[in-house]
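Structure first, then comments.
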Amino acid sequence: MRTKILVTGGAGYIGSHAVVELHQAGYQPIIVDDFSNSQESAVAGIEAILGTRVPLYTIDCANEEALRGVFQAEPGIAGVIHFAAFKAVNESVQKPLAYYRNNLDSLLVLLAVMPEFGVESIVFSSSCTVYGVPDKLPVTEATPTKKATSPYGATKQMAEDILTDVAAAGGPRTILLRYFNPIGAHPSAKIGELPLGVPQNLVPFITQTAAGIREKLTVYGTDYDTPDGSCVRDYIYVVDLAKAHVVAVRRLLEKKAADKVETFNVGTGRGNTVLEVVRTFEEVSGQKLNVELGPRRAGDVPAIYADATKAETVLGFKTEGTLAEALASAWKWQQALGK
Ligand code: NAD
Ligand code: WQD
């Protein structure tokens with residue numbers, strides 16, 4: 001019998017890849033999603049990769065009765081991975097209440113319901129956004145967090161605090177994964193990022209520009225104090241990021257964690273500039289991008305990348321996908337979308 005793992009937001013970009021990796025590692029993922037930022041086609045893609053059905057519950061996980069119903073319908077859930085959240089930084093500035101409600105209510109409800117069913121392990125999707133503009137690079141897990149610059153970022157900091165307080169008071173064993181910038185798609189090109197509307201993130205904007213959906217890519221800022229003046233980020237292949245969740249879940253279920261709450265950066269440990277990403281994409285795709293060098297985007301962090309040592313030494317987790325491989329997979333996915 002496979003061990004059941006509840007995956008909230010399991011139809012989303014990262015969640016769908018994690019569902020595949022969990023199943024391939026021998027777990028039984030159970031998807032909860034309300035499709036507020038995803039499509040049912042993602043679940044079809046997961047099932048096509050796995051060649052089997054995956055239980056899906058279309059509910060808002062901030063709905064306590066509905067969430068309780070899922071735990072009742074799926075006895076024996078051993079752990080939870082909580083991806084479900086709104087994630088658009090700009091939108092969170094326009095609609096702070098929607099972000100605080102969705103991102104915090106969903107967590108609070110989950111934490112209220114889990115003990116009713118004896119579920120004692122949770123992996124949470126945090127973000128490098130908690131570090132703000134760091135004073136020193138690379139950032140380690142001990143790098144101080146800074147006051148969030150957006151309501152979205154604030155929800156991640158608050159969620160980390162809530163999980164820490166609840167764990168200290170007898171709540172679940174917790175792993176906080178601070179993701180850097182996930183990119184790319186499953187090598188099968190059956191699942192990938194499905195941005196609704198105009199993409200805010202770099203890589204989907206690049207692939208849509210190459211596909212002719214967008215006229216040009218604007219590079220936001222070329223006067224930063226970085227090797228070529230454009231911003232530096234730590235781009236992690238989404239399949240690698242998905243695998244980090246399998247390792248984290250296993251550690252929690254095997255009760256190997258050193259502390260009730262553990263925090264890990266999940267990045268490659270390398271920084272790449274926007275212009276390097278553009279150049280690498282052009283090389284792997286053979287597509288010439290229409291690129292405009294533009295002004296800075298308000299709120300952007302000039303440079304951030306992970307010190308990935310803790311995840312490697314403690315979790316035994318190391319990324320494998322290169323920037324070129326990740327970008328090639330993103331292009332393959334864009335072409336599979338056929339639009
Ligand atoms: P996504 O929007 O593709 O996936 C989130 C999924 O959760 C979507 O399928 C959405 O429909 C669902 N959802 C949202 N609110 C829900 C609710 N109340 N009930 C049920 N389902 C709900 O986003 P993603 O990129 O896969 O991100 C997953 C998680 O990782 C999020 O918590 C996000 O904040 C975090 N994160 C993402 C990034 C990134 O760059 N993509 C970086 C750091 C952290
Ligand atoms: C990457 C780089 C842009 C688009 C955001 C969130 C963060 C985390 C990841 C969730 C930046 C540049 C982008 C474009 C560009 N999410 N860029 N032209 O800003 O690192 O992080 O997503 O937790 O919280 O803030 O990601 O993909 O938007 O940008 O030049 O059209 O690409 O300036 O340097 P970012 P991104």
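The figures here come from the full heavy-atom set of this structure, side chains too, leaving out hydrogens, waters and symmetry mates. Note that ligands are numbered from 1 as they come in the structure, with each ligand's atoms numbered from 1 the same way.
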For ligand 2, which atoms, with element, lie under 4.0 Å from some heavy atom of [X]?
X: L217; value: 31 (O)
X: C231; value: 34 (O)
X: S127; value: 10 (C), 23 (O), 24 (O)
X: N181; value: 20 (O), 21 (O), 26 (O), 35 (P)
X: D300; value: 3 (C), 19 (O), 33 (O)
X: V219; value: 30 (O)

Any idea which protein heavy atom is nearest [atom], and the distance to it?
atom: atom 17 (N) of ligand 2; result: Y220 CD1, 3.6 Å
atom: atom 24 (P) of ligand 1; result: K87 NZ, 3.8 Å
atom: atom 12 (C) of ligand 2; result: V274 CG2, 3.8 Å
atom: atom 18 (N) of ligand 2; result: T218 O, 2.7 Å
atom: atom 6 (C) of ligand 2; result: V89 CG2, 3.6 Å
atom: atom 19 (N) of ligand 1; result: C61 N, 2.9 Å
atom: atom 31 (C) of ligand 1; result: F83 O, 3.1 Å

Hey, does the side chain of [X] reach the backbone of [Y] with a donor-acceptor pair shorter than 3.5 angstrom?
X: D240; Y: G321; result: yes
X: N63; Y: E65; result: yes
X: E282; Y: L289; result: yes
X: Y99; Y: V93; result: no
X: R214; Y: Q208; result: no
X: N290; Y: T209; result: no
X: S127; Y: R178; result: no
X: E47; Y: V54; result: yes
X: K332; Y: A189; result: no

Tell me whether ligand 1 is touched by [X] - counting only heavy atoms on the residue side and a distance under 4.0 Å.
X: D60; value: yes
X: S126; value: yes
X: I59; value: yes
X: D33; value: yes
X: K156; value: yes

If you take the nearest heavy atom of each of [options], which one is closest to [atom]?
atom: atom 16 (C) of ligand 1; options: D34, V89, N201, V266; result: D34
atom: atom 33 (C) of ligand 1; options: F86, Y152, Y13, Y235; result: Y152
atom: atom 29 (O) of ligand 2; options: R297, Q200, R233; result: R297
atom: atom 26 (O) of ligand 1; options: I14, V130, L196, T8; result: I14

- Could you note down all residue pairs passing salt bridge (Lys or Arg N to Asp or Glu O under 4.0 Å) where residues 122-148 supplies at least one of them, sequence neighbours left out?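 Every salt bridge (Lys or Arg N to Asp or Glu O under 4.0 Å) pair that includes a residue of residues 122-148, provided the two are not neighbours, is D135-K146.
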- Query: Hey, are R68 and E64 close enough for a salt bridge, meaning a charged N less than 4.0 Å from a carboxylate O?
  - Reply: yes
- Task: Give a yes or no on whether a salt bridge exists between K310 and E262, defined as a side-chain N under 4.0 angstrom from a carboxylate O.
- Result: no
Residue pair [X] / [Y], side-chain donor-acceptor N/O under 3.5 Å:
X: R173; Y: S121; answer: yes
X: E91; Y: Y152; answer: no
X: Y131; Y: N265; answer: yes

Test of proximity, [X] against ligand 1: N or O pairs below 3.5 Å:
X: P182; result: no
X: S38; result: yes
X: S127; result: no
X: V32; result: no

- Contact check, Y152 vs ligand 2, heavy-atom distance below 4.0 Å: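 A heavy atom of Y152 does come that close to ligand 2.
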- Hey, does Y235 sit under 4.0 Å from ligand 2 if you only count heavy atoms?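 Judged by the 4.0 Å heavy-atom criterion, Y235 does count as contacting ligand 2.
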- Note on the structure: Within the 4.0 Å heavy-atom cut-off, what L202 brings close to ligand 2 is both
- Query: Heavy-atom contacts under 4.0 Å between N201 and ligand 2: side chain, backbone, both, or neither?
  - Reply: both
- Aromatic ring proximity H245/Y179, centre distance under 6.0 Å: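 Centroid distance H245-Y179: below 6.0 Å, so yes.
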